[in-house]
Amino acid sequence: MTVFLGMDGGGTKTAFLLTDGEGTTLAESRQPTCSWFDAGTGLVGDVVRAGVDAVTAAAGITPADITSAYFGIPGHGESSRDTPVLDALPASVLGHDRYSCGNDMLGGWAGSLAGRDGVNVIAGTGSMAYGERDGSAHRVGGWSEVFGDEGSAYWVAVQGLNAFSRMADGRLPRGPLHALVRERVGVTEDLDLIGVVMEEWGADRGTVADLAKVVVAAADAGDAAAADVLRRAAAELTTLVVTTVRALDFPADEPVPVSYSGGLFRAPLVREEFAAALHAQDATLELVEPRHDPTVGSVLVAMRRAGAPIPERFAADVLAATSSSAAAR
């Protein structure tokens with residue numbers, strides 16, 4: 001029996017999926033984030049070991065039984081010094097070299113578009129776009145929360161906190177966002193927000209990013225400032241997509257499938273704003289719902305890199321998507 005493993009690392013969690021050659025799920029595991037820039041590359045090794053041990057034990061196999069694996073690691077390829085270290089880590093866990101490592105963006109793309117040409121935009125803790133066309137690939141964005149990641153959950157949260165601060169001291173009219181932030185953070189004095197975020201939370205990236213949910217809730221409640229944050233986020237994400245499409249030289253009259261992944265897109269209002277911004281920018285950009293999540297996408301990458309046939313259920317997805325696109329032309 002052929003067995004494939006996919007790992008999707010993110011800013012808040014790491015997901016593992018083990019399937020057979022038909023794409024049937026054998027085991028799954030959820031582990032903590034493997035974002036390693038602060039903690040060091042050893043964190044990735046610890047998370048990989050925990051995840052591999054969990055899924056192989058649940059499936060009643062050993063790591064040696066895994067035919068091929070793909071490890072989607074956040075920050076992979078963003079430090080030439082550390083990339084070889086990251087690439088070597090799974091070998092000691094698996095006991096073989098039938099695996100590959102790469103940035104987690106690849107699993108997001110492969111899952112959302114079932115491996116067909118097009119662009120996927122990620123809006124999780126961070127943000128970026130990745131696309132492929134005729135074997136060429138291009139990435140845009142993902143420059144970290146310090147000087148990038150526009151349109152991400154972290155970016156939305158920070159913009160929302162900025163709006164809260166302006167409401168607190170009178171630079172903006174107070175809308176629902178003000179009370180919702182106070183309730184979520186647990187403060188009764190506005191300035192205490194600084195102590196909570198900077199001292200208690202240590203400005204932790206994932207914890208701050210979770211406040212994007214508050215911004216969405218405020219926008220749903222009619223807060224104008226929060227709604228503006230989400231509109232600007234959609235515009236930033238659209239820019240990532242359009243730049244990727246241009247870099248890949250898609251013909252001007254060819255519909256380009258565009259999909260999405262990441263927790264921020266769970267909010268209907270975010271999806272609506274993104275769809276509107278995308279359509280306003282370029283009518284040939286064809287927004288499609290994600291076919292699969294990034295963990296399934298990582299399994300598809302593992303299968304493709306092993307030269308294994310794509311399971312019928314996934315191949316049917318690709319066929320249906322291609323037929324729909326052709327009909328639209």
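Residue numbers start at 1 and run along the sequence shown.
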> Are any non-hydrogen side-chain atoms of P311 and M303 less than 4.5 angstrom apart?
Replying inline: yes
Looking at [Y], is its backbone amide N or carbonyl O close enough to the side chain of [X] to form a donor-acceptor pair, meaning the two atoms are under 3.5 Å apart?
X	Y	value
S136	L248	no
R133	D249	yes
R271	R266	yes
T125	G206	no
S298	Y70	no
D65	T62	yes
H96	P63	yes
R182	R184	no

Side chains of [Y] and [X]: any donor to acceptor distance under 3.5 Å?
X	Y	result
D210	T207	no
D87	H76	yes
D82	T41	no
D149	S152	no

For the [atom1] atom of [X] and the [atom2] atom of [Y], what is their distance to the nearest 0.5 Å?
X	Y	atom1	atom2	value
T33	R205	OG1	CZ	7.5 Å
M105	D8	CE	CG	12.5 Å
T56	L94	OG1	CG	9.0 Å
E254	E286	CD	CD	10.0 Å
L237	R232	CG	CZ	12.5 Å
D104	C34	CG	SG	7.5 Å

>> Salt bridge check, E132 against R304: does any charged N sit closer than 4.0 Å to a carboxylate O?
In response: yes
>> Taking R174 first and then D190, would you say they form a salt bridge - that is, a charged N and a carboxylate O separated by under 4.0 Å?
In response: yes
>> Ring centres under 6.0 Å, that's the criterion: do Y130 and H138 meet it?
In response: no
> Taking the six-membered ring for Trp, are Y260 and F265 parallel (under 30°), tilted (30 to 60°) or perpendicular (over 60°)?
Replying inline: tilted
Find out if a path of hydrophobic residues (ILVMFWY) with successive side-chain heavy-atom gaps under 4.5 Å connects [X] to [Y].
X	Y	value
L269	V229	yes
L287	F250	yes
I122	V158	no
L285	W109	no
L211	V181	yes

Is it the case that atom [atom1] in [X] sees more than 12 heavy atoms from other parts of the structure closer than 6.0 Å?
X	atom1	result
R171	CZ	yes
D97	CG	no
E78	CD	yes

Exercise: identify the closest heavy-atom pair between [X] and [Y]:
X	Y	answer
M167	G175	SD-N, 3.6 Å
G75	N103	N-ND2, 3.8 Å
A218	A226	CB-CB, 3.7 Å
N120	S261	ND2-OG, 3.1 Å
Q31	V47	CB-CG1, 3.9 Å
P176	A221	CG-O, 3.8 Å

Qualifying residue, where the test is side-chain contact (heavy atoms from CB on, under 4.5 Å) with [X] and the options are [options]:
X	options	answer
L18	V52, I66, T24	I66
C101	L86, L89, I73	I73
V241	T239, T244, V245, T238	V245

> Hydrophobic clusters join Ile, Leu, Val, Met, Phe, Trp and Tyr when side-chain heavy atoms are under 4.5 Å apart, directly or via other members; which others share one with V146?
Replying inline: W143, F147
>> With side-chain contact (heavy atoms from CB on, under 4.5 Å) as the criterion, how do R116 and V288 come out once you've worked through the C-alpha distance, each side chain's angles and the decisive distance to 0.1 Å?
In response: CA-CA 12 Å; R116 66 183 176 130; V288 298; 3.8 Å; yes
> Taking it one step at a time, do L26 and V55 satisfy side-chain contact (heavy atoms from CB on, under 4.5 Å)?
Replying inline: CA-CA 8 Å; L26 301 178; V55 293; over 6 Å; no
>> Evaluate F16 against E28 for side-chain contact (heavy atoms from CB on, under 4.5 Å), listing each step before the verdict.
In response: CA-CA 5 Å; F16 292 79; E28 297 178 85; over 6 Å; no
